[in-house]
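All values derive from a computational prediction rather than experimental measurement.
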Amino acid sequence: MSATSGALAGTRVLEISALAGAVCGRVLADLGAEVIKLEPEGGEDFRRSLPLVPTALGEESAAWLAYNHGKRSVTLDPLADEAGFAALCAGADILVTDWERLDLDTMDRLASVARRANPALVWCEILPFGRGGPYERYAATDTVLQALGGHLYLNGDVDRPPVRISLPVGAIQGGVEAASAALMAHWHALKTGEGQRVDVSVQACIVWTLLNSTMAWQILGLNEMRGGAIRKERANRFFTRLVWETQDGYVFFGPVGGGGGSARIKSYEALIAWMAEDGITDPILTRHDWNGDGQFFIPQEDYDAVTAVIMGFIASKTTDELMARSVRERILLAPISSVAGVFDNPQFRARGYFRPLDDPDRGLKLDLPARWANLSATPLATLRPAPRPGADTAAVLTSLSQGSPA
């Protein structure tokens, strides 16, 4: 393998999917696999999902463009042309699909065709709730999956109903996890010649993201409550502020009451020393051992009082000023980046995280957040525009008839 070959060079992936499967396919394409989308005439419905953005080819889905660059498109109906579908599967390594393109019965039918044509094929399906159980055949929106996976309950302010994360984080997470699972199955197939079916539940993937919240329930019996700017941390009986407004933005900071051991104690000591330099020496700042063993017995009104003093100090500083001092003094504070701030972030830029995509047919020239891993010997694939519907049909199908790769 050459120094510029992708890690999955020589691997062929078929994709019959919408968002979740497209995310999976993008990960595999970035790693160097040839990913072929099987679409109906005129393209899959996901191409027209909201929000739409204007291009030289007309309005197209922003999400579709984001997750389908670097792929090929073949117009083929696998149900109407099982022979053509089987021929494609015979030369493929992985097939990924999701519930927005195929129902379970159709998945079963096509999986049988695919596995007969190629016993080493990995068939990876992404479903709202996975196979088995009472929800097996249920469809779901991303909001439903966030809710039933426990994510919704933990988001928003405690005095208001739960809120969803506005992006389809469940489907995206399911797609990423499916890529990982499909590659594990592919590794098994390379060693044994035996393919298998991979069943990914988006609901289960969402639970996986809850991390410490699941352990808090199992170990402490604590059903964590949501909290936005102000929340209870872990086993606290009191509320503390975590989001603070600066002169020009916001920072995340837990100065008091959240545990964290000696690092948080030293962080708070550095903060009040800085405040003292500015002439802020309110007695409330040192009235209690805010982060020590007695923190659980401090009344809420005192937490509210110390928060008001700290809030005034932070509001008087710019975000950059706060960050520079915090890094130097080891104050546990971090900026909350806007989208514009993400694109301007010097760490991302230094690592080459944003990569240029030139799509002259669509009149698009932009930077994409695309270098999600730096592989020294097998770098991620160079960005190529997303395909037009059926753009590669003739080349791919002709190669099949000639028995050679396209």
Inset, instruction - On the 0 to 90° scale, with breaks at 30° and 60°, tag the Phe343-Phe354 ring pair as parallel, tilted or perpendicular. - result: parallel
Inset, instruction - Specify whether His288 and Trp290 have parallel, tilted or perpendicular ring planes, treating 30° as the upper limit for parallel and 60° as the lower limit for perpendicular. - result: perpendicular
Inset, instruction - Take atom CZ of Arg160 as the centre, draw a 6.0 Å sphere, and report whether it contains more than 12 heavy atoms from other residues, nucleotides or ligands. - result: no
Inset, instruction - Step by step, work out the salt bridge (charged side-chain N to carboxylate O under 4.0 Å, His left out) result for Asp105 and Arg137. - result: CA-CA 10 Å; Asp105 293 332; Arg137 293 185 175 273; 2.9 Å; yes
Legend entry - Partner of Leu127 by side-chain contact (heavy atoms from CB on, under 4.5 Å), out of Val200, Asp199, Thr97: Asp199
Inset, instruction - Determine whether more than 12 heavy atoms belonging to other residues, nucleotides or ligands lie under 6.0 Å from atom OH of Tyr250. - result: no
Inset, instruction - For atom CZ of Arg349, decide whether the heavy atoms of other residues, nucleotides or ligands shown that lie under 6.0 angstrom number more than 12. - result: yes
Inset, instruction - Specify whether Phe129 and Tyr138 have parallel, tilted or perpendicular ring planes, treating 30° as the upper limit for parallel and 60° as the lower limit for perpendicular. - result: perpendicular
Legend entry - Under 3.5 Å: donor-acceptor pair, side chain of Asp248, backbone of Thr319: yes
Legend entry - Approximate separation, where rounding is to 0.5 Å, of Glu224 CD and Arg231 CZ: 5.5 Å
Legend entry - Nearest non-hydrogen partners of Leu88 and Val396, listed with the distance: CD2-CG1, 3.7 Å
Inset, instruction - Look at atom CZ of Arg48 and say whether more than 12 heavy atoms of other residues, nucleotides or ligands are closer to it than 6.0 Å. - result: yes
Legend entry - Cationic N near anionic O, under 4.0 Å, Lys71 to Asp392: no
Legend entry - Pairwise distance CZ(Arg388) to CD(Glu60) - rounded to 0.5 angstrom: 8.5 Å
Legend entry - CG on Leu210 to CE on Met215, rounded to 0.5 Å: 10.5 Å
Legend entry - Lys317 and Asp278 ion-paired at < 4.0 Å: yes
Legend entry - Heavy-atom pair of closest approach, residues Thr75 and Pro40: CG2-C, 4.1 Å
Inset, instruction - Count the heavy atoms belonging to other residues, nucleotides or ligands that lie under 6.0 Å from CD of Glu277, then report whether that count exceeds 12. - result: yes
Legend entry - Exceeds 12 heavy-atom contacts within 6.0 angstrom, atom CG of Asp159: yes
